[in-house]
Protein chains: 2
Amino acid sequence: MARPRQSLLTRQRIVEAASALVDREGLEAVSVRRLATELGVRGPSLYNHFSTKAEILDAVADAIVAQVDVSAFATHDWREALRLWAHSYHAALSAHPNIVPVLAHGPGRRPATLAMADTVYGALIKAGWSEARATHIGALMRYLITGSALGSFALGFSGDPQLYEQYPHLHRAHLLAGQHKCVDDGAFALGLDTLLNGLDSLLLKNGPNR
Amino acid sequence: MARPRQSLLTRQRIVEAASALVDREGLEAVSVRRLATELGVRGPSLYNHFSTKAEILDAVADAIVAQVDVSAFATHDWREALRLWAHSYHAALSAHPNIVPVLAHGPGRRPATLAMADTVYGALIKAGWSEARATHIGALMRYLITGSALGSFALGFSGDPQLYEQYPHLHRAHLLAGQHKCVDDGAFALGLDTLLNGLDSLLLKNGPNR
DNA sequence: ACCTGAACACCGTTCAAGT
DNA sequence: ACCTGAACACCGTTCAAGT
């Protein structure tokens with residue numbers, strides 16, 4: 001078979017297969033040949049639909065960002081909208097942690113990510129933040145959201161108790177892995193609430209035109 | 001030459017060469033063969049000193065973390081110590097941004113990173129935070145510090161003005177790259193100060209044993 | 001003990017050849 | 001237009017052979 005009458009591949013089928021593979025086995029398991037095999041074709045076939053492997057992974061990342069709920073910006077004040085959006089973003093990345101390194105470097109040319117950035121920035125400006133502050137807040141949200149999604153804090157500690165013997169305060173660090181969901185989500189919520197409360201005071205103190 | 005009387009390589013020489021290569025050309029440029037060439041040997045020689053490439057990169061990451069200044073925990077109250085430490089950590093990673101993906105997943109088995117975690121956690125406990133809260137605060141700091149170091153927020157936006165034409169609020173996003181240092185450092189400082197202020201109120205409100 | 005060449009099982013990507 | 005095999009220039013890692 002050289003060319004079937006109906007194309008075997010579409011961009012969408014490739015993105016779905018890549019997304020599933022990333023979720024199932026991690027970013028490192030994704031090779032062009034491997035992905036092609038899962039789709040029933042040979043490696044080079046994918047280059048008829050995407051020009052590089054990076055472009056495929058970008059599309060996977062953007063599909064996940066597209067699921068983030070930004071509707072709160074139309075219905076709530078900036079503070080509550082930011083909180084709801086951040087939790088939705090956090091949840092989307094928690095469901096697909098392996099893709100995070102791909103989107104951690106910014107929106108690039110990914111349309112859904114650019115649209116989300118546009119909505120968030122627009123809402124902050126409308127709320128009275130200066131351009132500089134709105135940019136800072138956008139950056140801060142990305143730091144917190146991708147920083148927390150990039151890898152569990154709790155799972156970053158080995159479960160091997162021996163490892164911590166020489167560290168006086170870490171003698172219970174090996175237990176962190178067992179509670180990682182609680183630790184990581186608690187830290188994220190604490191950080192988000194603390195930040196939003198502090199920013200709110202800042203805006204009130206300096207007036208709506210700061 | 002099969003074996004010189006004096007070993008050509010040491011772990012330290014390898015780590016220094018790897019660190020310089022990471023800084024100069026990025027993580028992706030580091031291959032075992034490439035690194036060996038820079039050291040005047042062949043690829044397999046490195047396996048006499050490290051058992052995997054990942055172990056070499058771990059050593060590079062730990063050498064950078066070892067430069068972070070934790071002395072403030074001995075001389076300042078928890079809030080100011082955390083602030084000074086976070087800025088030192090941030091500065092160390094800003095000087096070596098390409099290595100950040102290696103350390104973003106936690107301390108693992110890297111001794112300098114574990115020692116740093118031990119110091120920070122111990123200081124928080126001593127300040128009166130509960131174990132759960134101290135863990136949350138440690139996680140939060142990691143989220144902010146690695147999240148901001150992983151990639152510039154400003155540089156995540158392309159410098160191509162055309163890209164933003166269809167996004168009503170991003171029409172000046174192409175200018176971000178030119179101010180990236182100011183944008184990124186400003187966002188980090190704003191986030192850190194806001195967090196520490198908020199956490200301080202929380203500790204005062206709930207008493208020293210919370 | 002430590003460096004070497006050869007080898008293994010992979011990579012991303014290109015391209016002429018097929019239909 | 002789109003899939004293919006063959007090829008190119010790479011990977012990380014192993015291992016027997018050398019001194």
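Just so we're on the same page: letters track the sequence lines, and every chain starts at 1. Worth saying up front: this structure is predicted, and the values here are computed from it rather than measured.
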**Fill in**
Between CG of B:Leu46 and C1' of C:dC3 the distance, given in whole Å, is 11 Å
**Request:** Measure the distance from CG on B:Asp58 to C1' on D:dG12 and round it to the nearest whole Å.
**Result:** 16 Å
**Among C:dT13, D:dC3, D:dG12, the nucleotide that comes nearest once only the side chain of A:Val32 is considered** = C:dT13
**Asked** Taking the nucleotide of DNA chain C with the closest heavy atom to each, which residue, A:Ser31 or A:Pro44, is nearer the 5' end?
**Response** A:Ser31
**Spacing of A:Leu35 atom CG relative to C:dT13 atom P, expressed in whole Å** = 12 Å
**Prompt:** Between A:His87 and A:Phe188, does the ring centre distance come in under 6.0 Å?
**Reply:** yes
**Prompt:** Can you find a side chain N or O atom of A:Ser45 that sits less than 4.0 Å from OP1 or OP2 on D:dT4?
**Reply:** yes
**Message:** Tell me the interatomic distance from A:Arg42, atom CZ, to C:dC10, atom P, rounded to whole angstroms.
**Reply:** 15 Å
**Asked** Is the number of heavy atoms from other residues, nucleotides or ligands within 6.0 Å of CD (B:Glu80) greater than 12?
**Response** yes
**Message:** Measure CZ/A:Phe50 against P/D:dC3 and give the value in whole Å, please.
**Reply:** 13 Å
**For atom CG of B:Leu9 and atom C1' of C:dC3, their distance in whole Å** = 9 Å
**Item:** A:Lys53 NZ - D:dC11 C1' separation (whole Å)
**Value:** 12 Å
**Request:** Look at atom CZ of B:Arg172 and say whether more than 12 heavy atoms of other residues, nucleotides or ligands are closer to it than 6.0 Å.
**Result:** no
**Asked** What's the closest nucleotide to the A:Ser7 side chain, out of D:dC2, C:dT13, C:dC3?
**Response** D:dC2
**A:Arg13/A:Glu16 ion pair, N-O < 4.0 Å** = no
**Request:** Give a yes/no answer on whether the side chain of B:His49 brings an N or O atom under 4.0 Å of OP1 or OP2 in C:dA1.
**Result:** no
**Message:** Measure CZ/B:Arg34 against P/D:dC11 and give the value in whole Å, please.
**Reply:** 9 Å
**Item:** Option passing ring-ring contact (aromatic ring centres under 6.0 Å, His included) with B:Trp78 (candidates B:Trp129, B:Tyr121, B:Trp85, B:Phe73)
**Value:** B:Trp129
**Message:** Under 3.5 Å for both donor-acceptor distances, Watson-Crick or wobble: does D:dT13 have a partner, and if so which one?
**Reply:** C:dA7
**Asked** What nucleotide, of D:dC11, C:dT4, D:dA7, holds the atom closest to the side chain of B:Arg33?
**Response** D:dC11
**Asked** Does C:dC2 pair with anything, Watson-Crick or G-U wobble, both distances under 3.5 Å, and if so, with which nucleotide?
**Response** D:dG18
